[in-house]
Every structure is written in structure tokens, then in C-alpha cells.
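Okay, so here's the structure we're looking at.
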Amino acid sequence: MTTASAGSHRVVIVGAGFGGLETAHRLAGAPVEITLIDRRNHHLFQPLLYQVATASLATSEIAWPIRYLLRGRQEVTTLFATVSGVDPAGKRVLLEDGGALPYDTLVLATGARHAYFGHDEWEPFAPGLKTLEDATTIRRRILVAFERAEREPDAERRAARLTFVIIGAGPTGVELAGTIAELAHDTLPSDFRNIDTRKTRVVLIEAGTRVLAGFADDLSAYAQRSLESMGVEVLLGQPVTECNRDGVVYGGNRLAAKTIIWAAGVRASPAAEWLDAPADRAGRLQVLPDLSVPGHPDIFAIGDTVVIAGPDGNPVPGIAPAAKQQGRYVADCIKARLRGAALGPFHYKHAGSLAQIGKRQAVIDFGRFKLRGTLAWWIWGVAHIYFLIGVRNRLAVAMSWLWNYVRDQRSARLITQGSSKVGR
Ligand SMILES: Cc1cc2nc3c(=O)[nH]c(=O)nc-3n(C[C@H](O)[C@H](O)[C@H](O)COP(=O)(O)OP(=O)(O)OC[C@H]3O[C@@H](n4cnc5c(N)ncnc54)[C@H](O)[C@@H]3O)c2cc1C
């Protein structure tokens, strides 16, 4: 299979997430033919995935067809396919369906997935949040739990259906816990007749000693107080040792819960395995300072699938701005090489960290400048709307948030399967 015209420099980018898409955008105008491969047909704005999982936003508000995003770029071919390996000697990308694609320069931007620290058997009971399917699965489980509780005569079983456990108190865990608490306490009470959804338990379990460990201590403490004031039970220093269909076990305690969500760990895509390249314990490929793969100067790897030290010596965080900066750098590197020049090493610039806790509460950590509360929440909202793609989605998300802000209503409360199919 060949998509590039003969003679031009063929760049193959695997993954149209934040890193891969940025590489393609930045290569505009360069003398290259680009093939962008993704196993999904859409680019996903993962920072707002938890809002789909908690029925606040619809799937189409945070995802865009990749083909549409690049429709004006004649030199870019978009392929909907799954990459299964790389043949560096033959300079070919190998596809799961048996196809192969030649490259002159390859950019691997295949991201990461959630990981269960060696307990993959927990996944069916405690789904993680990474894709649109994950988000709609979690949304279905949350909404079905309330539906089943409404018809449950046994008090103990009803309580288990109305107990939601979130494992991992990073930004995703905190955002999920806060939003589920709001859903139960503010949005749903008037919809049900046999249950009081305000009695729902939302339990956030964290193995470490504080929530939002990547933020400053005082912001962590504020986030914990805010969650507790919203009715979330925060359990710190409690590694979960078991997840099953009836609930979780932590520190020797058994907690009955029908809905468990995993927000605790990630593992890189198998890019390092494809190339037999060095990787850290999370499977992240250890790239060189110019983001190329050791021993393969024509292969770059970027974003969540790699590890590289930042200016403070700590690994560059697995966040969208880091993937985008790396995507821009690699595109500049390719352009420089085509001119016969070379770029200096990649330098990461950390702009800051933001997390939403509840409807009017967020924390912002820009290093020397820190903010919390309602103003932080407004800045968080404006920043996320700004980074969404397209006017229609910005307006749609702003409207959904405004409606929720004013009326406590979440418009995406849809179970898209019949009652006999949803199980449990
Ligand atoms: C729930 C959640 C919330 C987050 N919140 C924030 C936040 O608030 N702020 C922030 O900055 N960051 C946040 N992040 C992290 C951020 O989304 C990632 O750091 C960023 O997406 C990494 O970009 P990437 O390009 O490396 O990978 P991704 O954006 O994950 O893109 C990888 C792409 O590769 C494709 N792919 C993977 N394997 C293959 C294959 N074998 N063949 C073909 N295609 C493949 C995937 O389909 C995907 O499109 C969040 C992440 C999650 C999961």
C-alpha cells in the first residue's frame, strides 16, 4: 500500500491524538506527503471525557472526525487502521489487517491506556476512562445503578447500588467523584419516587497521602475539603487490594458497591515493544533529547507513549500541552532536516495544572500563581472551551454548562441499551 507520490518525503504519523495531530498541523507547507493513521476515526478531547461519563456532555461535543479536521490538506491522507508493529529495517509500518505502509520518517504518537498494576482481571468490574466507549460504558453503569436501585426492595442491595467507588484521586478521579456527587445530590432527586438519590455514597479511594498529588499542598487540601463538603468520602493511604462484582477491598475493609471506576494508573502503548527500544516500568519509550528513538534516527516518538526528563529533572508530565509541544518540536525537526539543518534538543515548558472539583470549584497551579474557588472554576471553563475545536462545539459545550449551572440539569442522561441488555 502506498499513499505518497513517488519522490516526495513520506512522513507517517501513527495516532491522531494531541501529539500526532499537532505534528500534522505544524508540517503544513513543508515538502512532505503525510499519512496519518489512527484506529479510531475521531480525535478526542480527553480532558472532558469525564463529563461524557457523568452525563454532562454528549460524545459529539468532545470528538471530531480526523478526516474532517484535515479535509483542507491535500498532502495528508487519513487512514482508519490499527498499527500492530514497525519493520525498521524495511522502513514500513505494519497494520493489523496484514497491510504495510512505507515511510521515510515515522512519528509514533500512540498514547497510553489505563493499567491495573498486574490485576487486569479487575477491568470488567472497574472500567477505566480513556475512550468514548469507556465514557459511555461508565455513563450507562452510573445511570443503570440508579434505575436498579429504584426497583430494589432489599435495603442492603439498594445501598450497594447507590454506592459509587472511584479508585485514584488524581485530576480524573477528583473530577469524577465531584460530578457524580452533584448528579446524585442536585440533578436526580426529583426524578425518582422510591429512592432518595441524595443518600448516594460517593467514595474516593487513594493509595497516596493526598488528593491531586501533582498540585501544591494547599490546593490538595482545598480540593479534599471541597469534595467532603459535597458529600464525597475521601479515603487516603488506602491501596485497593481487590475489585469484584460486589465491590472493593481496601486496607482489609470490604465495601459493597455496584459501580466502581478506575482512575489509578496508566500504561504506555506498545510502541517501545514494536521497536525493542528501552522503556520505563510504565512501558514508556525512553527517547533521545531530540525525541528520536535510540538507534532509529528516522523514527520519533512523542506524547504519553514516551518518557523524557523535563527542565526540573522530573519526567515531562503525561498531559495534552506536553504532547502538543512535542508534536510541534518533531515537525520543526523534520522540516530542519529536510533543509539540511539540525535543531537543538526538545525543551518542555510547563504552563500549569488545572482541575475542576465541582460546579463552582476548581484549582489552578501555575507555579508561583495559584488560585482556587469560583474564579478558578471560571478560568478552568474558559480555558477548556478555548481549547475545544470549532465554533459549534464551543457554543454547544458552553450552552450545556450554562444550563447545568443555572438549572442543575445534565442533558446527556441517556442509557443507549434496552433494560434486558444492560445486565447487573
Ligand atoms: C480521562 C482523562 C482526562 C485527562 N485530563 C487532562 C487534562 O485535564 N489536561 C491535560 O492536559 N491532559 C489531560 N489528560 C491527558 C491527555 O489527554 C494526554 O496527555 C494526551 O491525550 C496525550 O496525547 P497523545 O497524542 O500522546 O495521545 P492520545 O491523545 O491518547 O492519542 C493517541 C492516539 O493514538 C491512537 N492509537 C493508539 N494506538 C494505536 C494503534 N496501534 N494504531 C493506530 N492508532 C493508535 C489512538 O486511537 C489515539 O487517537 C487526560 C487524559 C484522560 C484519559
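Order of appearance sets the numbers: ligands from 1, and atoms from 1 within every ligand.
- Of all the atoms in ligand 1, the ones that sit under 4.0 Å from a non-hydrogen atom of W274 are 41 (N).
- Among all non-hydrogen protein atoms, the one lying nearest atom 23 (O) of ligand 1 is A323 CB, 3.4 Å.
- Applying the 4.0 Å criterion to heavy atoms of G318 picks out, from ligand 1, the atoms 15 (C), 19 (O).
- Interface of D304 with ligand 1, defined as ligand atoms under 4.0 Å from a residue heavy atom, comprises 18 (C), 19 (O), 20 (C), 22 (C), 26 (O).
- Q46 OE1, 2.8 Å is the protein heavy atom nearest to atom 17 (O) of ligand 1.
- Within the 4.0 Å heavy-atom shell around ligand 1 one finds A81.
- Short contacts between ligand 1 and P321, defined as distances under 4.0 Å to a heavy atom of the residue, involve ligand atoms 11 (O).
- A heavy-atom separation below 4.0 Å is not found between P171 and ligand 1.
- When each atom of ligand 1 is checked for a heavy atom of T172 under 4.0 Å away, the hits are 1 (C), 2 (C), 3 (C).
- Near R40, meaning under 4.0 Å from one of its heavy atoms, ligand 1 places the atoms 47 (O).
- Residue I142 holds its CD1 atom at 12.5 Å from CZ of R413, rounded to the nearest 0.5 Å.
- With respect to atom 36 (N) of ligand 1, the closest heavy atom belonging to the protein is R39 NE, 3.9 Å.
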Enumerate, atom names and distances included, each donor-acceptor pair closer than 3.5 Å involving a side-chain atom of residues 311-324, sequence neighbours excluded.
from: D312; atom 1: OD1; to: N314; atom 2: N; distance (Å): 3.0
from: D312; atom 1: OD2; to: N314; atom 2: ND2; distance (Å): 3.4

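- In this structure, the protein non-hydrogen atom closest to atom 42 (N) of ligand 1 is V83 N, 2.9 Å.
- Considering only non-hydrogen atoms, atom 10 (C) of ligand 1 lies nearest to A320 out of G15, A320, G17.
- Within the structure, ligand 1 lacks T305 among the residues with a heavy atom less than 4.0 angstrom away.
- Nearest protein neighbour of atom 5 (N) of ligand 1, counting heavy atoms only, is P47 CA, 3.4 Å.
- Checked by atom type and distance alone, the side chain of D280 pairs as donor or acceptor with a backbone atom of R284 at under 3.5 Å.
- For atom 27 (O) of ligand 1, the closest non-hydrogen atom of the protein is G111 CA, 3.4 Å.
- Taking only nitrogen or oxygen atoms, main chain and side chain alike, F18 reaches within less than 3.5 Å of ligand 1.
- Numbered from 1 in the order shown, with element, the atoms of ligand 1 that lie under 4.0 Å from a heavy atom of G19 read 25 (O).
- Within a 4.0 Å radius of atom 14 (N) of ligand 1, the protein contributes no heavy atom.
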